[in-house]
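Residue numbers run from 1 in the order of the sequence given.
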Amino acid sequence: LPAGVTWIQLTGYGRAPQTAWSLSVEAAPAPAGADVEPNDSAALAAPLAPGRPAAGQVSGTWPDEDWYRLDVSTPGPWRALVRRPLLPDGSYVDFNFQVAVGNRTLYAYHVDMPRDAWVFYPVLPSGPVLFRAVFRGVRPGSKYEFTLTPFEGPATPDERTTARAAIGRGVEWLMQK
């Protein structure tokens with residue numbers, strides 16, 4: 001619920017006899033990975049838990065940003081699986097996925113090819129790590145999710161192909177600079 005006063009109206013119907021009832025409201029933190037707004041800045045980053053999918057949705061403000069924070073206790077290579085469902089018109093959510101420590105970007109990935117799942121392998125330091133998803137020109141309500149797990153190998157043939165393609169795209173981009 002947003003900050004401020006919220007009104008709840010309960011209405012009885014029919015000829016039921018009056019019954020005693022009670023209502024209680026309790027403030028509780030959302031579970032790690034829940035799509036909680038606002039999470040549009042590093043200061044408001046939603047917490048992540050390793051191996052638990054994080055859900056997100058494009059709000060409609062442009063550019064929309066969703067921030068997440070993972071407290072890394074196992075430094076080293078991690079596997080980031082990003083899923084984005086096919087939209088009703090046959091298109092996909094197009095976004096940038098960034099990994100940062102403080103104000104320093106460690107990795108930046110652009111997800112724009114027509115696939116429903118992408119896998120990245122960032123090497124993460126111990127401590128708090130921020131993940132930022134930036135959406136541009138995407139329909140409000142478009143959903144995505146991602147899962148982070150420590151990478152323990154060995155790499156599957158698909159993972160090796162994905163890594164080679166990512167390296168190739170990175171080298172091509174650097175050569176154009």
Given the rule in the side chain to side chain contact (heavy atoms under 4.5 Å, CB included) test, do V129 and V99 qualify, once you have shown the distances and angles that lead to the verdict?
CA-CA 7 Å; V129 177; V99 182; 3.6 Å; yes

Where V101 and P125 come nearest, the two heavy atoms and their spacing
CG2-CG, 3.6 Å

Hydrophobic cluster of L130, others only, ordered by chain and residue number, side-chain cut-off 4.5 Å:
W67

Atom of Y68, atom of A55 and distance for their closest heavy-atom approach:
OH-O, 3.2 Å

For residues 73-82, tabulate all N or O donor-acceptor pairs below 3.5 Å that involve a side-chain atom, not counting sequence neighbours.
residue	atom	partner	partner atom	Å
W78	NE1	T74	O	3.0
R79	NE	E159	OE2	2.9

Do you know the tightest heavy-atom contact between E65 and V134?
CG-CG2, 4.0 Å

Which residues satisfy the ring pair (Phe, Tyr, Trp, His ring centres under 6.0 Å) test with F151, sequence neighbours excluded?
Y121

Which word best sums up how the rings of F146 and F131 line up, parallel for under 30°, tilted for 30 to 60°, or perpendicular for over 60°?
tilted

On a heavy-atom basis, the closest approach of A54 and L48 is CB-CD2, 3.3 Å

Side-chain donor/acceptor of Y107 to backbone N/O of F97, under 3.5 Å:
no

From CG (N39) to CG (D66), nearest 0.5 Å:
4.5 Å

Check whether any side-chain heavy atom of Y109 sits under 4.5 Å from a side-chain heavy atom of N96, and report yes or no.
no

Report the residue from L70, V72, L148, T149 that forms a side-chain contact (heavy atoms from CB on, under 4.5 Å) with P50.
L70

